There are 2 protein chains.
Amino acid sequence: MIGQQRSFGRRVLLAAIRQNSPIARIDLSEQTGISRATVTTVTAELIRAGLVEEVAAQGTEMARGRPRVDLKIRGAAHLVAGIKIANSSLSLVLMDFEGNQLAEHSHVLSKTTLGTEALVEELAGALGDMLTPLGKSVSDLSGVGVGIAGIVDVQQGLVHWSPSLSDRNINLRSAIDTALGVPAFVDNDANLVAMAEKSFGLGREATDFIVVTIESGVGMGIVINNEIYRGTRGCGAEFGHTKVHLDGALCRCGQRGCLEAYVADYALLREASVTHAGAGALTGETDEQRIEALLQRAHDGDPVAGNIVLRAGRMFAMGLANIVNIFDPQLIVLAGERMQSNHLYAEEVIAGIKDSIVQVDQSPPEVVIHRWGDLMWAKGAAAYALEGVEEMAVEALRAGEI
Amino acid sequence: MIGQQRSFGRRVLLAAIRQNSPIARIDLSEQTGISRATVTTVTAELIRAGLVEEVAAQGTEMARGRPRVDLKIRGAAHLVAGIKIANSSLSLVLMDFEGNQLAEHSHVLSKTTLGTEALVEELAGALGDMLTPLGKSVSDLSGVGVGIAGIVDVQQGLVHWSPSLSDRNINLRSAIDTALGVPAFVDNDANLVAMAEKSFGLGREATDFIVVTIESGVGMGIVINNEIYRGTRGCGAEFGHTKVHLDGALCRCGQRGCLEAYVADYALLREASVTHAGAGALTGETDEQRIEALLQRAHDGDPVAGNIVLRAGRMFAMGLANIVNIFDPQLIVLAGERMQSNHLYAEEVIAGIKDSIVQVDQSPPEVVIHRWGDLMWAKGAAAYALEGVEEMAVEALRAGEI
DNA sequence: TGATTTAATTTGATTTTCAAATTAAAACTG
DNA sequence: CAGTTTTAATTTGAAAATCAAATTAAATCA
């Protein structure tokens, strides 16, 4: 149940090399507490296996003594893909073992909700579309990471329910495994952004942090002790349905007082619709455009619009402060792709958090904003695949498959 | 930085024996994934060192084959004390290495807030008072666990601030270490109850759970992956200062809308004082008696009193639901010693939680009530000491000190 | 050119672990 | 009751993982 601690050294050293990218053996020894002798032995093995490579001298050339030789992950060792299954599309990235993005692709789904077989088929098709221009094929991949909205049992690769799947309780992992002939790693998409931040983003330096995303809903990913925390039922952290008001505004989920019911787009438009600044009066065809108009009005000094936006920001700050009071993380990353969520990231909101958390001598956690594009989700999925492939590679080493 | 994985086997096996108390070697092997050969070798070593002992045949005597021989922690191996530093008193317990309580004691502090030296002196005195009737002395102890309110850096044993200490930024661990000549383990008292539940209480079976306590304030302890989660600034989970209402009721901490400002005793009395059921009208000298009277009125059908109590309960349910939405724990333990907090543990409150969490197919986390006495804090402190002493014992084994 | 300095490797154990074979201790069995 | 069966624990012999100390390697400095 506890699992083997075998290959502990290989695992730790490979992870340390990945984290600190170009790093000399002596620093690895320092960092990990593993003796220099063992570092030499193990890294030699990793190099022989093709997972790691030496790189030419680093920047500082002036040192006395024997120059250190930096090590890094060997990108060419493996190829992985990351796929995010969104509402009506797939976004894909191709990544090498070092985490370099080699290609990206997007694919429009034929339907919003698909059967398992049809979904896997579209997935395989999209993968092929990304790979063939590069002269690669699916069989060149060592792993595929897949992120999907819904309730996912990561351990088993089971999707209990998802808006993208018409079937329930599907083992998506094994379905993809067998269809593609490539190991698949499936996770709830709420965790993808946390994974992406941990692997490639602002969370690289932190061991305990929280990522909050605002898209159509409000999502959260939790990293504790350098690992994604998934809760026990695997339905992810439902920050958006955290209650911020007893018997408050009605939420899409049917309950009252959810944070989402105050800060999501639909919540802002609902408020706007009942005032003289009514939603009808807001120019714009789409909701996005109307939100844009509302924010513009607030910015221009319209008191009603300003009031709407202000309350949303204050509610958001309150929700975040609660997270801080409970978790006390090193870092909170506010991540999102859409500029219109800008108002929630305003300086006043961040200041509001600091006013609502328990005051101690130490400084409050850092709150940073990370604005990124659509691809971050797919990158997070790829990071999952990388983690899995790394694990498999170490296991293969242990089993003596050179 | 990663630390040694040496003695991994010893550590894991000793922990497994402690957790599953009387357990045969073959089951240990099964549970931990460590081979039977190694289990034999390592347990032999643990027995030789006196940390573990064999116990006579277990209940079921009917089995075929060679009978299994159960192992258990040897209580006599070590003696630890747990001390909780409360407002105006110390509670102490004496515990053997197996976790059996051998004695208890309480001591009234000369002042509420003391200097470090004076506090340590009273501590030593109280310890002596507990030990001498048993013919023991402080030097017989292998460790002392100490829980203190305030902001504690557990890693370093530093108390940044505490209501019980007039000094700031004191290394209480080293102060006790040197004064008593016994290794001390100091922690924030919010974590003590979590530790007690994990070691002796309802959390023994769970790996991820949350303990909420209601005393004069509202506290919380978090166990993730079988370890106390402390956050990064070590000030503990401030569940009581979680905000449940924007610009809400004024809290003792000076902020508004804290959960505590709705459910703590003072909050209920404040409400009562402004109605015809006013606090003055509540019979009773002390706050506790007046609370008792208020609850009685609510129970008897007084609408105003009922309303006050109802809202408190609903706020509490909301706060708990937020925890569930964020953490998704297996189990929530509502722990407390005072019966008057009863209204917050009512069935309706627990039902209220279930109505406010995101619905998934799986069943919601279990919510259990654990009513315990004053000593639980001290027991938690003792559990800390046990953990530390166990660690030291394993290390000593590794270093070859038989 | 040799001394100095620092990094990496080798050497020769020691420690930890395990699979397979063996022994131990019981209950059945005819 | 002697032999068989069954299950638990131990022994045996070897492999794997790790380390401290000694050695070698590759640079700069004087």
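Below, each value reflects all heavy atoms present in this structure, side chains not excepted, and no hydrogens, waters or symmetry copies. Predicted, not measured: the structure shown is a model, and the values here were computed from it. Reminder, nothing fancy here: chain letters follow the sequence lines and each chain counts from 1.
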Taking distance alone, no hydrogens or angles, what donor-acceptor pairs closer than 3.5 Å link side-chain atoms of residues 383-393 of chain B to residues at least two apart or in another chain?
| unit_1 | atom_1 | unit_2 | atom_2 | d |
| --- | --- | --- | --- | --- |
| B:Tyr384 | OH | B:Asp187 | OD2 | 2.3 |
| B:Tyr384 | OH | B:Arg230 | NH2 | 2.9 |
| B:Glu390 | OE1 | B:Arg18 | NE | 2.6 |
| B:Glu390 | OE1 | B:Arg18 | NH2 | 3.0 |
| B:Glu391 | OE1 | B:Arg11 | NH1 | 3.0 |
| B:Glu391 | OE2 | B:Arg11 | NH1 | 2.4 |

Pairs: protein N or O with nucleotides 6-10 of chain D N or O, under 3.5 Å:
| unit_1 | atom_1 | unit_2 | atom_2 | d |
| --- | --- | --- | --- | --- |
| D:dT6 | O2 | B:Gly65 | N | 3.2 |
| D:dT7 | O2 | B:Arg66 | N | 2.6 |
| D:dA8 | OP1 | B:Arg68 | NE | 3.0 |
| D:dA8 | OP1 | B:Arg68 | NH2 | 2.1 |
| D:dA8 | O4' | B:Arg66 | O | 3.0 |
| D:dA8 | N3 | B:Arg66 | NH1 | 3.3 |
| D:dA9 | OP1 | B:Val69 | N | 2.7 |
| D:dA9 | OP1 | B:Val69 | O | 3.4 |
| D:dA9 | OP2 | B:Ile26 | N | 2.9 |
| D:dA9 | O4' | B:Arg66 | NH1 | 3.4 |
| D:dT10 | OP2 | B:Arg25 | NE | 3.4 |
| D:dT10 | OP2 | B:Thr40 | OG1 | 3.1 |

Inset, instruction - May I ask you to evaluate whether B:Thr38 reaches the phosphate of C:dT17, defined as a side-chain N or O under 4.0 Å from OP1 or OP2? - result: no

Legend entry - salt bridge (Lys or Arg N to Asp or Glu O under 4.0 Å) contacts touching residues 73-83 of chain A (sequence neighbours left out): none

Legend entry - With sequence neighbours excluded, residues passing salt bridge (Lys or Arg N to Asp or Glu O under 4.0 Å) with B:Asp140: none

Legend entry - Rounded distance (Å) that lies between atom P of C:dT15 and atom CZ of B:Arg11: 16 Å

Legend entry - A:Arg10 side-chain proximity, nearest of D:dA17, D:dT18, C:dT17: D:dA17

Inset, instruction - Report the distance from atom CD1 of B:Ile228 to atom CG of B:Asn191, rounding to the nearest 0.5 Å. - result: 5.5 Å

Inset, instruction - Let me know the distance between CZ of A:Phe8 and C1' of D:dC19, rounded to the nearest Å. - result: 15 Å

Inset, instruction - In whole angstrom, give the distance that lies between atom CD1 of A:Ile34 and atom C1' of D:dA17. - result: 10 Å

Legend entry - Under the salt bridge (Lys or Arg N to Asp or Glu O under 4.0 Å) test, residues paired with B:Glu53 that sit two or more places apart: B:Lys72

Legend entry - Partners meeting ring pair (Phe, Tyr, Trp, His ring centres under 6.0 Å) with A:Phe200 (sequence neighbours left out): none

